[in-house]
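Since the structure comes first, as structure tokens, the remarks are kept for the end.
This structure is a prediction, so every number in the text was calculated from the model and none was measured.
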Amino acid sequence: MESATFVLFGATGDLAKRKIYPALFQLFVEQQLPSSFSVIGLGRRELSHEAFQSNVAQSLLTFSRSEMKDSVVMEQFLNAFRYHVLDVNRREDYTKLLSLVEDREVELNITPNRMFYLSVGPEFFETIATNIHESGLGSARGWKRLVIEKPFGHNLESARQLNQTLNQAFEESEIYRIDHYLGKPMVQQMGQLLQSALTEHDLRTRTIASVQISAIETLGVEERAGYYDHAGALRDMFQNHMLQLLMMLTIEFPKPSSAAEGVKRKSQIIKSLMPLNKRKVSQHVVRGQYGAGMIKEKPVIRYTDEAGIASDSQNDTFIAARLQVDDSFWKNTPIYIRTGKRLKEKATRIVIEFKSEGPLKDLLIIEIGPQEGIYYLKRQSNHELSEDETSLRSQPNLMNKGVDGKDAYETLIHDALLGNKAYFAHWNEVELSWEWVQPIMDAYQENLIPLHVYPAGSYGPQEASDLLERDGFHWWFDKKQTSVNDVTKGELFTYEYTN
């Protein structure tokens, strides 16, 4: 790996402390960083280099997945860190930063390869990119790369404006848009695992009845009220994470011939999504907002009572949608997506349901979090069920493979340093995703789709279940008490997995 300078905007922020520093340290421990590297943290507050290094050490003690046993290793890691005060709007600060970067490159005798990681609010992306360009920070003999966190715009128009500004300072090949779902080991291994679980014979002889993609959580808005009340579930999760999961799944059917073809097919999948008319959005989309309820036997307040949320807010904390991909493989196969806050459990899961003549179903389940693995549930014979039997059983010898505990940021930072863009969002995907989502946002804005209040601790509005029931389906694995008769009818049931 080539030597590099890692320039971190927002070095005193929460993301840096919780994710970026632990990821860098893990890569350092595993010898996956350049032998010579420099980290320059930027922030508005005054800090000495030593105080900054102490703050980094504290974040590692709190959040690192590696124990801090070797003081020599820790000291070597922290010695790479320097701090610089910078106001993102003050041009002269970038000139001073350039001098610091160049001095460190000379001191360490390293090539001027520079990675600029923007761990700041999206409202600062354009200002920072422009100042990097105009100050000469990006004009080095080595490579330069810009890493930004979602959201990439707040609608189609703003996303295009952001991209246009970024392209004045960086080429598309130099822009790394992080969607941390793409860094999850289970997502990156999904293609390989699917091809192991489903042979070509399976694909020829089976027909997929439906696909469900869920990313649900028990947490509420927490400390993100200022951002979340302007974003909602649609912008915060659906437009990026959920559509990326859809792309990552569907490009594997049939198997792509190469990684490059897979990247190309992601855009083709979004292009193939049946478009929505804003006047008919309510037929395909359900939106909701959490009310008061119980989470883990503790009462929680409604969304509009949260600190920083207006009492009359119409922001969505839940969205469910019915999509269809209009291509030769997925045509006529409904794909259901849902994501929301303050729900019954935390889970990110994909369920592929195969067609069946009777009530018993064959399912392929991809657990992305908090458990990780892929499971095939095969229907049993149609004999009468006893009280302690369910209609489905895990097939442990087919696939029951967990993945390691590597954090997504470790993978993505490592890939960015290597120049591997396979698991970063390309602008084409971002633009096409915003194009597809725009009619939903327009319908929200014009109040063409009702906002359903659902009790905290539930699985969302009843209307989200109705969305599937109209097609003869239901959400799998929503935990509720069911009788044997319910199970034999293909109704919901609880199933516990073990890796």
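Within 6.0 Å of NZ in K266 there are more than 12 heavy atoms belonging to other residues, nucleotides or ligands. For E157, the CD atom is loosely surrounded, since the number of other residues' heavy atoms within 6.0 Å does not exceed 12. Within a 6.0 Å radius of CD in Q445, no more than 12 heavy atoms belonging to other residues, nucleotides or ligands are found. Within 6.0 Å of atom CD in E123, more than 12 heavy atoms from other residues, nucleotides or ligands are found, so the atom counts as buried in its surroundings. Few gaps surround CE on M294; more than 12 heavy atoms of other groups in view lie less than 6.0 Å from it.
Here the side chain of W475 pairs a donor or acceptor atom with the backbone of A464 at under 3.5 angstrom. Listed for the R342 side chain is a donor-acceptor partner under 3.5 Å among the backbone atoms of T218. Counting only distance, with no hydrogens or angles, the side chain of W436 and the backbone of M274 share a donor-acceptor pair below 3.5 Å. The closest donor-acceptor contact from the side chain of Q438 to the backbone of L156 lies under 3.5 Å. Within the 3.5 Å criterion, the main-chain N or O of N155 finds a donor-acceptor partner in the side chain of S158. Formation of a donor-acceptor pair under 3.5 Å by the N240 side chain with backbone atoms of R235 is found in this model. For the pair T165 (side chain) and Q161 (backbone), a donor-acceptor distance under 3.5 Å is present. A donor-acceptor pair is defined here as one N or O able to donate and one able to accept, closer than 3.5 Å; such a pair exists between the side chain of D316 and the backbone of A233. No donor-acceptor pair closer than 3.5 Å links the side chain of R349 to the backbone N or O of I213. Formation of a donor-acceptor pair under 3.5 Å by the E174 side chain with backbone atoms of E171 is found in this model.
Inter-residue side-chain proximity for Q188 and T411 is flagged as met; some heavy-atom pair is nearer than 4.5 Å. Using a 4.5 Å heavy-atom cutoff, the side chains of L245 and V187 are in contact. Two residues are said to be in side-chain contact when any heavy atoms from C-beta on lie closer than 4.5 Å; V285 and L276 meet this criterion. Residues W427 and R160 have side chains in contact (heavy-atom distance under 4.5 Å, counting atoms from C-beta outward). Counting heavy atoms from C-beta on, the side chains of I178 and Y423 never come closer than 4.5 Å. Put simply, the side chain of P185 reaches to within 4.5 Å of the side chain of E372, judged on heavy atoms.
A salt bridge between D179 and K150 is absent, with no side-chain N of the basic residue lying under 4.0 Å from a carboxylate O of the acidic one. The residues D236 and R224 are annotated as salt-bridged, a charged nitrogen and a carboxylate oxygen being separated by less than 4.0 angstrom. A salt bridge is defined here as a Lys NZ or Arg NE, NH1 or NH2 lying under 4.0 Å from an Asp or Glu carboxylate O, and D407 with R65 fails to meet this definition. Salt-bridge check for K341 with E217: passed, with a basic side-chain N closer than 4.0 Å to an acidic carboxylate O. We find that D14 and K17 are not joined by a salt bridge, their nearest charged nitrogen and carboxylate oxygen being 4.0 Å or further apart. Under a 4.0 Å N-O distance rule, the pair R322/D471 qualifies as a salt bridge. Using a 4.0 Å cut-off between a side-chain N of Lys or Arg and a carboxylate O of Asp or Glu, K19 and E410 do not qualify as a salt bridge.
Counted by atom type alone, Y459 and E345 present one or more donor-acceptor pairs between their side chains at under 3.5 Å. In the model, Q26 has no side-chain atom that pairs as donor or acceptor with a side-chain atom of K406 under 3.5 Å. No hydrogens or angles considered: a donor-acceptor pair under 3.5 Å links the side chains of E429 and Q244. Looking at E353 and W476, their side chains do bring a donor and an acceptor atom within 3.5 Å of each other. Counting only N and O atoms by type, the side chains of D466 and Q462 include a donor and acceptor under 3.5 Å apart.
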| What do the steps show when you test M248 against L182 for side chain to side chain contact (heavy atoms under 4.5 Å, CB included), and what is the final call? | CA-CA 9 Å; M248 292 296 289; L182 294 180; 3.7 Å; yes

| task | Give the intermediate values and the outcome of ring-ring contact (aromatic ring centres under 6.0 Å, His included) for residues F318 and Y454. | result | CA-CA 9 Å; F318 176 96; Y454 59 92; 5.6 Å; yes

| message | Show, in sequence, the C-alpha distance, side-chain angles and deciding distance for I128 and V120, and conclude whether the side chain to side chain contact (heavy atoms under 4.5 Å, CB included) test is met. | response | CA-CA 10 Å; I128 292 174; V120 296; 3.8 Å; yes

| said: Would V211 and L246 count as a side chain to side chain contact (heavy atoms under 4.5 Å, CB included) here? Give the steps. | reply: CA-CA 9 Å; V211 174; L246 168 66; over 6 Å; no

| request: Would you sort out whether D229 and S313 count as a side-chain hydrogen bond (donor to acceptor under 3.5 Å, both in side chains), showing the intermediate values? | output: CA-CA 8 Å; D229 203 44; S313 173; 2.8 Å; yes

| query | Between D362 and Y376, does a side chain to side chain contact (heavy atoms under 4.5 Å, CB included) hold up when you go through it step by step? | reply | CA-CA 8 Å; D362 287 358; Y376 181 46; 3.4 Å; yes

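Under the 6.0 Å distance and 45° angle rule, K144 does not count as a cation-pi partner of F116.
The aromatic rings of Y181 and H241 lie parallel to each other, their planes meeting at an angle below 30°, with 60° marking the opposite boundary. In this pair, Y228 and Y303 present their aromatic rings perpendicular. The plane angle is above 60°, beyond the 30 to 60° band.
Nearest heavy atoms, L448 versus S282: O-CB, 4.1 Å. The two residues F477 and I365 have their closest heavy-atom pair at CE1-CG1, 3.6 Å. The minimum heavy-atom distance linking N315 with A231 is given by the pair OD1-C, 4.0 Å. Nearest heavy-atom pair across A321 and L467 is C-CD2, 3.9 Å. Of all heavy-atom pairs between G153 and W434, the closest is O-CZ2, 3.1 Å. Between L343 and I295, the closest heavy-atom pair is O-CD1, 3.5 Å.
The salt bridge (Lys or Arg N to Asp or Glu O under 4.0 Å) test with R177 singles out one residue from E172, E149, E431, and that residue is E172.
The CD1 atom of I175 lies 11.5 Å from the CZ atom of F125; values are rounded to the nearest 0.5 Å.
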